[in-house]
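Notes to accompany the following structure.
Just so we're on the same page: letters track the sequence lines, and every chain starts at 1. We use all heavy atoms of the structure for the numbers below, so side chains are in, but hydrogens, waters and symmetry mates are not. Since we're looking at a predicted model, the values are computed, not measured.
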Protein chains: 2
Amino acid sequence: MQLDHVFGALSDPTRRAIVMRLCDGEASVGELAKPFEMALPSLMKHIRILESSGLVASEKTGRVRTCSLQTEALATVEVWLAAQREIWEQRLDRLEMYVEKLKKEEKANVRKRRSK
Amino acid sequence: MQLDHVFGALSDPTRRAIVMRLCDGEASVGELAKPFEMALPSLMKHIRILESSGLVASEKTGRVRTCSLQTEALATVEVWLAAQREIWEQRLDRLEMYVEKLKKEEKANVRKRRSK
DNA sequence: GCTATAGTTAGCTTTATGGCTAACCAATCA
DNA sequence: TGATTGGTTAGCCATAAAGCTAACTATAGC
């Protein structure tokens with residue numbers, strides 16, 4: 001599973017809607033297609049993309065294909081984002097500490113200057 | 001800030017690399033360009049895309065443009081993902097409870113059958 | 001003021017994306 | 001077995017994406 005494909009898959013509103021729909025449980029291709037004013041083959045493409053991204057799995061029994069969500073992929077993306085934000089926030093913290101240090105030094109300087 | 005654009009922006013490896021680089025602090029366009037074997041205008045396009053997605057901000061002073069990360073956008077995506085996963089997991093929980101219920105009933109049935 | 005540096009604009013190419021229709025296959029169901 | 005339903009394949013089109021080069025603008029440094 002690659003971030004590229006997962007982010008790519010989620011960048012389309014139709015596909016995000018499908019993911020949201022699948023959060024409520026499995027669905028057949030036809031069921032997924034209903035809310036959209038879109039030809040079946042077009043929707044199938046989206047499903048394929050979701051599948052190749054690892055976000056969705058599907059299985060065909062008889063003539064109906066049932067799709068379901070694969071949460072591991074969602075989790076992977078969450079982890080990546082959280083990691084980035086963490087690094088960033090650590091940096092902000094350091095910066096903040098540095099600023100605090102500067103402020104204290106400045107206060108000290110002010111006191112010094114006053115006492116001169 | 002729209003999910004479409006943020007996910008779209010993050011679906012490209014070059015742009016994710018830029019985001020990761022900016023986690024370590026601000027950088028000029030030139031600095032950002034260095035690690036990539038890519039013409040400047042191409043890289044600039046990526047920066048524009050990151051900017052229009054709200055992930056990155058930039059300001060030009062003199063002749064250098066300095067770019068920085070806007071964490072709110074990252075946070076927004078995280079929230080969306082977490083929400084989806086939560087719904088999904090709640091559903092799994094309900095399903096699990098249902099399965100447990102079924103198991104208990106089955107056990108009860110077995111006991112009944114034995115006592116017959 | 002000339003030159004080098006840092007971006008920017010314009011315009012081109014190639015490939016990918018998102019949509020369509022029409023025709024097709026394979027299970028159900030009457 | 002013939003019609004209907006559910007999905008699939010193939011192939012087309014328009015637009016967007018990702019890259020390039022070449023030429024341009026505007027600051028900084030000498």
Grab the [atom1]-[atom2] distance between [X] and [N] for me, whole Å please.
{"X": "A:Arg65", "N": "D:dG7", "atom1": "CZ", "atom2": "C1'", "result": "8 Å"}
{"X": "B:Phe7", "N": "C:dT17", "atom1": "CZ", "atom2": "C1'", "result": "18 Å"}
{"X": "B:Ile47", "N": "C:dT9", "atom1": "CD1", "atom2": "P", "result": "13 Å"}
{"X": "A:Met44", "N": "C:dC25", "atom1": "CE", "atom2": "P", "result": "17 Å"}
{"X": "A:Lys34", "N": "D:dG7", "atom1": "NZ", "atom2": "C1'", "result": "15 Å"}
{"X": "A:Asp4", "N": "D:dA17", "atom1": "CG", "atom2": "C1'", "result": "14 Å"}

With rounding to the nearest 0.5 Å, note down the distance linking [atom1] in [X] to [atom2] in [Y].
{"X": "A:Leu22", "Y": "A:Gln70", "atom1": "CG", "atom2": "CD", "answer": "10.0 Å"}
{"X": "A:Met44", "Y": "A:Leu40", "atom1": "CE", "atom2": "CG", "answer": "8.0 Å"}
{"X": "B:Thr14", "Y": "B:Leu32", "atom1": "OG1", "atom2": "CG", "answer": "12.0 Å"}
{"X": "B:Arg15", "Y": "B:Arg48", "atom1": "CZ", "atom2": "CZ", "answer": "13.5 Å"}

Hydrophobic clustering (ILVMFWY, side-chain heavy atoms < 4.5 Å, transitive) - are A:Val56 and B:Trp80 grouped together?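 Yes, same cluster.
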With no hydrogens and no angle check, is any side-chain donor or acceptor of A:Gln84 less than 3.5 Å from a backbone partner on A:Leu81?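 Here the side-chain-to-backbone pair does not exist.
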Would you find a donor on one side and an acceptor on the other, under 3.5 Å apart, between the side chain of B:Thr76 and the backbone of B:Glu72?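 Indeed, once roles are kept as given, a pair shorter than 3.5 Å links the two residues.
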Check A:Leu50, A:Ile47, A:Ile18 against A:Cys67 for a side chain to side chain contact (heavy atoms under 4.5 Å, CB included) and give me the one that passes.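 Exactly one option meets the side chain to side chain contact (heavy atoms under 4.5 Å, CB included) with A:Cys67, and it is A:Ile47.
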Ignoring backbone atoms, test whether B:Ser28 places a side-chain nitrogen or oxygen under 4.0 Å from the OP1 or OP2 oxygen of C:dG7.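 Looking at the OP1 and OP2 atoms of C:dG7, one of them is under 4.0 Å from a side-chain N or O of B:Ser28.
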Nucleotides 25-29 of chain D: which of its N/O atoms have a protein N/O under 3.5 Å away?
from	atom 1	to	atom 2	distance (Å)
D:dT27	O2	B:Arg63	NH1	3.0
D:dA28	O4'	B:Arg63	NH2	3.1

List the protein contact pattern of nucleotides 18-23 of chain D with one symbol per nucleotide (5' to 3'): B for base contact, S for sugar-phosphate-only contact, - for none; contact means a heavy-atom distance under 4.0 Å. BBBBB-
